[in-house]
Amino acid sequence: MLTGDLLAWYDRHAREMPWRTGPAARASGEQPDPYRVWLSEVMLQQTTVAAVRDYFLRFTLRWPDVAALASARDEDVMAEWAGLGYYARARNLLKCAREVAARGGFPGSRDGLLTLPGIGPYTASAVAAIAYDEPATVVDGNVERVMSRLFEVETPLPAAKPELVRLAETLTPALRPGDYAQAVMDLGATICTPRSPACGICPWIDPCRARASGTAASLPRKAPKAGKPTREGTVWLLRTPRGWLIERRAAKGLLGGMNGLPGDGWDRPGAPETAPADAPWAFAGEVRHTFTHFHLILRVMTAEAEANPTRGELIPTAEFSPDSLPTVFRKAFDLGLSALSSR
DNA sequence: TACTCGTGGTC
DNA sequence: TGACCAAGAGT
């Protein structure tokens, strides 16, 4: 009884999380709120529980339901998301909230959820299973790893994905599918970890084929990835009596829709490195940052002057929060600010 | 199919 | 220190 063993383990070891409705609460009739489940699952895409927690609390405090989020201003949501990464998620979050609000509520099935922006196979299954008790199969990185070991799948990812999905489908129970989904993910996060899995305390130690043959730690196999190139560029930090020079980035692409510092040479190949204003620029230093697919070395130039910028917008100091910047710009801002302050 | 798209933690 | 890794989706 594979799923039964795992659910029994989950009942004893489930971790507390702000978006979870615990077994005790559910026993007393409380149902998971689809809005909170959806919001948490989007935030958790490729992101650790520890990183998500505070963002989730801030979002739900400020926008308690999907109608509130749908009414929010774009820039407020983007600023609140700043630092969490993968900013297309925030753009799609708003699109999705507005579509759901217009419909009068979330679709009541996995198939319906799949039609919404930012909701793919994983998130649709997770929301359907957790919020609706639909026996949808949830396959994330944890489930891929657990299945590849349980059934000793030697095919490298990502080619193995369809096979792992089929295997996961054979286990999805009709009873407590939401708890089961979270149980497999908890198992992957705490016991069946990528390196040195704790097989000795695993509820699936007996049926696990990779454990039996000693290959657990080497699975799942993965196709080799391409190396990361290094790009270089420049950003300019200007302080004027009218405020900081900030540039809203294009709606799509890298850091799309976010506040940034005017820059050149790194995110728009071939663009000339032209300062955004005529000012007494001084070199403040370099910032290093690594994105998903490239390393970046950014030269930070600073100036304090009354100037008329050719790009961006002057934001009064009192209205600007560095917290609204993606991390790479936050690093550059902090460096530039300390350079300006010590002048 | 293969790329693009962030960030912080870990070993 | 650097590569790997995390509850993926969009194109």
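Quick note on labels: first sequence line is chain A, next is B, and so on, each numbered from 1.
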Peer 1: Under 3.5 Å, is there a donor on one side chain and an acceptor on the other for A:Gln182 and A:Arg20?
Peer 2: yes
Peer 1: If you look at every strand shown and take non-hydrogen atoms under 4.0 Å, does A:Met17 touch a base, only sugar-phosphate, or nothing?
Peer 2: base
Peer 1: If I take atom CG in residue A:Leu157 and atom P in nucleotide C:dC5, what distance separates them, rounded to the nearest angstrom?
Peer 2: 10 Å
Peer 1: Considering all heavy atoms of both residues, which atom of A:Glu16 and which atom of A:Arg53 are nearest to each other, and what is their separation?
Peer 2: O-NH2, 3.6 Å
Peer 1: Would you mind telling me which of C:dA6, B:dT7, B:dG6 lies closest to the side-chain atoms of A:Leu254?
Peer 2: B:dG6
Peer 1: Under 4.0 Å between a side-chain N/O of A:Gln46 and OP1 or OP2 of C:dG8, yes or no?
Peer 2: yes
Peer 1: Mind jotting down which residue pairs meet the salt bridge (Lys or Arg N to Asp or Glu O under 4.0 Å) criterion with at least one end in residues 69-86 of chain A? Sequence neighbours excluded, please.
Peer 2: A:Arg58-A:Glu80, A:Arg62-A:Asp76, A:Arg62-A:Glu80, A:Arg73-A:Glu75, A:Arg73-A:Asp76, A:Asp74-A:Arg98
Peer 1: Counting only N and O atoms by type, is there a donor-acceptor contact under 3.5 Å from the side chain of A:Arg91 to the main-chain atoms of A:Ala251?
Peer 2: yes
Peer 1: Checking contacts here: which listed nucleotide (C:dA6, B:dG6, B:dC11) is nearest the side-chain heavy atoms of A:Leu255?
Peer 2: B:dG6
Peer 1: Which nucleotide wins on minimum distance to the side chain of A:His289, given the candidates B:dT7, C:dG8, B:dC11?
Peer 2: B:dT7
Peer 1: Please give, in whole Å, the distance from C:dT1 C1' to A:Arg288 CZ?
Peer 2: 12 Å
Peer 1: Counting any heavy atom closer than 4.0 Å, what does A:Thr327 reach on the DNA or RNA strands: base, sugar-phosphate only, or nothing?
Peer 2: sugar-phosphate
Peer 1: Measure CH2/A:Trp81 against C1'/B:dC5 and give the value in whole Å, please.
Peer 2: 13 Å
Peer 1: What's A:Arg15 touching, base or sugar-phosphate or nothing? Going by heavy atoms closer than 4.0 Å.
Peer 2: base
Peer 1: In Å and rounded to the nearest 0.5 Å, what is the OH to CG distance from A:Tyr122 to A:Leu114?
Peer 2: 13.5 Å
Peer 1: Residues from residues 82-92 of chain A sitting under 4.0 Å of DNA chain B, heavy atoms only?
Peer 2: A:Gly83, A:Leu84, A:Gly85, A:Tyr86, A:Tyr87
Peer 1: How would you label the contact of A:Val52 with the nucleic acid (heavy atoms, under 4.0 Å): base, sugar-phosphate, or nothing?
Peer 2: nothing
Peer 1: Across the strands shown, which category fits A:Pro121 at heavy-atom distances under 4.0 angstrom: base, sugar-phosphate, nothing?
Peer 2: sugar-phosphate
Peer 1: What integer distance in Å separates A:Leu39:CG from C:dG8:P?
Peer 2: 15 Å
Peer 1: Locate the shortest heavy-atom distance separating A:Ala183 from A:Trp9; write the atom from each residue and the value.
Peer 2: O-CZ3, 3.6 Å
Peer 1: To the nearest Å, how far apart are A:Trp38 CH2 and C:dG8 C1'?
Peer 2: 15 Å
Peer 1: Would you indicate which nucleotide in C:dG8, B:dT7, C:dC5 comes nearest to any side-chain atom of A:Val328?
Peer 2: B:dT7
Peer 1: Under 3.5 Å, is there a donor-acceptor pair between the A:Glu152 and A:Thr215 side chains?
Peer 2: yes
Peer 1: Report which part of the nucleic acid A:Thr123 touches: base, sugar-phosphate, or nothing (heavy-atom distance under 4.0 Å, all strands).
Peer 2: sugar-phosphate
Peer 1: Can you find a donor-acceptor pair, distance only, under 3.5 Å between A:Thr47 side chain and B:dG6 base?
Peer 2: yes
Peer 1: Between C:dG2 and B:dC5, how far apart are the two P atoms, rounded to whole Å?
Peer 2: 23 Å
Peer 1: Compare side-chain N and O positions of A:His293 against OP1 and OP2 of B:dC5 and report whether any pair is under 4.0 Å apart.
Peer 2: yes
Peer 1: Are A:Arg249 and A:Glu247 close enough for a salt bridge, meaning some N to O gap below 4.0 Å?
Peer 2: no
